[in-house]
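Input: a single structure, listed below in structure tokens.
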2 protein chains.
Amino acid sequence: METFTVTVAEMPGKVYGQYREGEIMTTIKDIARISGYSIGTVSRVINNRADVSEEAREKISEIIRERGYQPNSNARKLKQVISSEVSIIVRGNKNVFFESILEEIQIIMRGYDENINVHFISETENEVATAVRTVSYIKPKGIIFLGGYIDNFRDEFSQINLPCVLVTTGAKDLGFENLSSFTTDYYDAGKYAVNKLLSYGHTRIGILGGYSADRSREHKNGKIIGAVEALDEKGITFDFDRDYEPCSYSAESGYEAAARLLGRSPDLTAVFAISDSIALGAIRALKDIGRRVPEDVSVIGFDGLTYAKYSIPRLATIRQDTATLAKKCVDDLLLRITYGGPAVHELIPYYEFIEGESVAPVRQ
Amino acid sequence: METFTVTVAEMPGKVYGQYREGEIMTTIKDIARISGYSIGTVSRVINNRADVSEEAREKISEIIRERGYQPNSNARKLKQVISSEVSIIVRGNKNVFFESILEEIQIIMRGYDENINVHFISETENEVATAVRTVSYIKPKGIIFLGGYIDNFRDEFSQINLPCVLVTTGAKDLGFENLSSFTTDYYDAGKYAVNKLLSYGHTRIGILGGYSADRSREHKNGKIIGAVEALDEKGITFDFDRDYEPCSYSAESGYEAAARLLGRSPDLTAVFAISDSIALGAIRALKDIGRRVPEDVSVIGFDGLTYAKYSIPRLATIRQDTATLAKKCVDDLLLRITYGGPAVHELIPYYEFIEGESVAPVRQ
DNA sequence: ACCGTTACCGTAAACGTTTCCATAGAATAA
DNA sequence: TTATTCTATGGAAACGTTTACGGTAACGGT
């Protein structure tokens, strides 16, 4: 089960040098010697402990400052057994939504004086296993995983007994008591998106996105289930074979998928793309095959990232609240790191429609 | 998979806990005890040293495997004094070009089995100081700095005596013998961009970008100097007050700057934006103020990142060779880490024009 | 029988911290 | 006064490794 492939990069082997020539390493010992105090006292000053006289604190701090001393983080972490960091695993290569969340997390963590430690991995299962192994090697205090469905990684995640937060649906079902999850209510939001299109009179609606070839109602992607449900409620049966085209979360992929979809189903008057990148690629594809947006085909995106505001036409989209998502993740993780407590699974009900020029009433 | 440590601020402070409850930490000692060999031998097995019998190697490896033992990286790094990582500092919040280089670096490093360690900082001077401090705290083997001009950070960089690579111009002038630099020949490329516009008959050309309020010929931004030079050679004197508008590297900023520029100089028939993001924002702004691209105003961007291919209109731009840049950076750094040697400063002559729909001949 | 190799392995010091424990002295309580 | 607590500090062990050093056993050559 667990193979001994220590993360290649961190494997012994090339060690380029011990001390660099001419490098003078100031240690806590030096500070102690210079200040006349003991190592213990210096350490207490560094860590802002109480049991230090004002005089000693002043003097030692002064010396630390003027020598530009920085405690050796490795020695520290060694003593503290687990590192002082939170690890974040980002799965998916160019997923703008995750990047956006990541950015929010960075900002929040900065406020909390927390260190984060990010691992970018691609979507192969193999890499998830490696990432989990690496993380167990780093020994972080907790983990945030941005990366979609983890059903296939039960084993990997079961090995981790650290507080862990996922930004994905379906984590609850796994039943690990150390995994929390926060996600926008994709089912509702997807339904909402398609209802928007329906309200403009569209009935021939296509869907773009969601890797999976699984086209049943049990499709794992909440946005798509919601979208189909919205159609259902209007008495429209969604034809997966005809009006659905899977693609990954990129403009490139959206471009190609849209071309295929509209080639196959030229009578579609609207498209729901499950990410903004996909939508933008789709819009370009539509133009290239001679369909006007929104006159001939309406396009609605998902995510609501800033760059959609500057496209031509401006993209209509469903905005997720990345700030709230990030905040929830961080808060839950830190709380559970410090105080333990049960994992939670929360569906964030917040999302909103962003007006755009890419959606218009259906033509008669 | 590459490990990627984003350090927000690795200063002492909150330490959340020692051992996590119920966590059993397997150490080299355990492996030694179980296997019946000594710690030293186990370590030699882990490190693939020669002086170990095949029998011992087998047996110990087996035990390591079945216990899922991972050597503690902190203890290791402590012994090895300097970490096994290369630090990358990325300055600038949403700079797509740097992100692109970063991605290339990741790929190359993966091939080299190297660990990287990324610090994102914003553009304030303060953060540069912090980053440098943090980096000296991490003790990497070398540093790659993606972040524009560093003239204001002489002091910070003078403290670092590690191999260091910058992707910026002007590093040579600083005279630090541990700083290499690689950059596209911005002067030439800027000149080339404007020559393209000139070749389409444009003479009233505006320039967008380059934070600085410094509008002299000594302007630090090579692209702009080159652009102005190209005009000069045609006998056109560039009027900085009228036809130049500074902005940062984002669509938002480009949008606003373009609106200001065209508001002030409505007779411009072409705009050179020093990044694609800026260009895209500008195109949107132009549309909003009722100017058609390219019929009324041509726009040429810079960088040549993929997403320009999917905009409407497709963006004409000057592509930099990020792959080569990244390769040069990494190679130089690793070489100097291993063998020392002098720093180099290289201007990459490679750039190319990417056709697009945003540039057209000037209207009569 | 002796010596010199060689192959393998154990011991222990060291890396730079943190923290527990002990203690000296000061302050307080009796 | 003495006994007690408190404050500030030093000393030293420990964290999990790596590695220099030394030792043992086996073996071949003389």
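Predicted model, so just to flag it, every value in this text is computed and none were measured. Sequence lines set the chain letters: A, B, ... in the order given, protein chains first and strands last, and positions in each chain run from 1.
- Here C:dT17 presents its C1' atom at 10 Å from NZ of A:K29, a figure rounded to the nearest Å.
- At C:dC15, none of the side-chain N or O atoms of A:N72 fall inside 4.0 Å of OP1 or OP2 (strictly under the cut-off).
- When all heavy atoms of B:V52 and B:A56 are compared, the pair lying nearest together is CG1-CB, 3.8 Å.
- Between A:R49 and C:dT19, a side-chain N or O to OP1/OP2 separation shorter than 4.0 Å is present.
- Atom C1' of nucleotide C:dT5 and atom CG of B:D51 are separated by 13 Å, given to the nearest angstrom.
- Within a 6.0 Å radius of CD in A:E55, no more than 12 heavy atoms belonging to other residues, nucleotides or ligands are found.
- Residue B:Y37 has no polar side-chain atom (N or O) positioned under 4.0 Å from OP1 or OP2 of C:dG10.
- Note: CD (B:E55) to P (C:dC8) measures 11 Å, nearest angstrom.
- Whole-Å rounding puts the B:I60 CD1 to C:dC8 P distance at 13 Å.
- At a threshold of 4.0 angstrom between heavy atoms, the contacts of B:A50 with the nucleic acid are absent.
- Applying the 4.0 Å criterion to OP1 and OP2 of D:dC15, one finds that B:T27 has every side-chain N and O outside that range.
- Phosphate contact (OP1/OP2 of D:dT7, side-chain N/O of A:S53, threshold under 4.0 Å): absent.
- OP1 or OP2 of C:dT18 lies within a sub-4.0 Å distance of a side-chain N or O belonging to A:S43.
- For A:R336 (side chain) and A:V165 (main-chain N/O), no donor-acceptor pair under 3.5 Å exists by modelled atom type.
- Across the protein-nucleic acid pair, A:R44 atom CZ and D:dT9 atom P stand 8 Å apart, rounded to whole Å.
- For B:I39 and C:dA13, the CD1 to P distance is 13 Å, given to the nearest whole Å.
- Side-chain nitrogen and oxygen atoms of B:T41 include at least one within less than 4.0 Å of the OP1 or OP2 phosphate oxygen of C:dG10.
- We find that CD1 of B:I28 is positioned 14 Å from P of C:dT11, with the value rounded to whole Å.
- Look at B:R76 and you'll find a side-chain N or O under 4.0 angstrom from OP1 or OP2 of D:dT18.
- Across every non-hydrogen atom of A:H345 and A:S181, the tightest pair is ND1-OG, 2.8 Å.
- For A:Y69, a side-chain nitrogen or oxygen approaches OP1 or OP2 of C:dT17 to under 4.0 Å.
- Atom pair A:K59:NZ and D:dT9:C1' shows a separation of 14 Å (rounding to whole Å applied).
- Counting all heavy atoms, side chain and backbone alike, B:Y69 lies closest to B:T27 at CE1-C, 3.6 Å.
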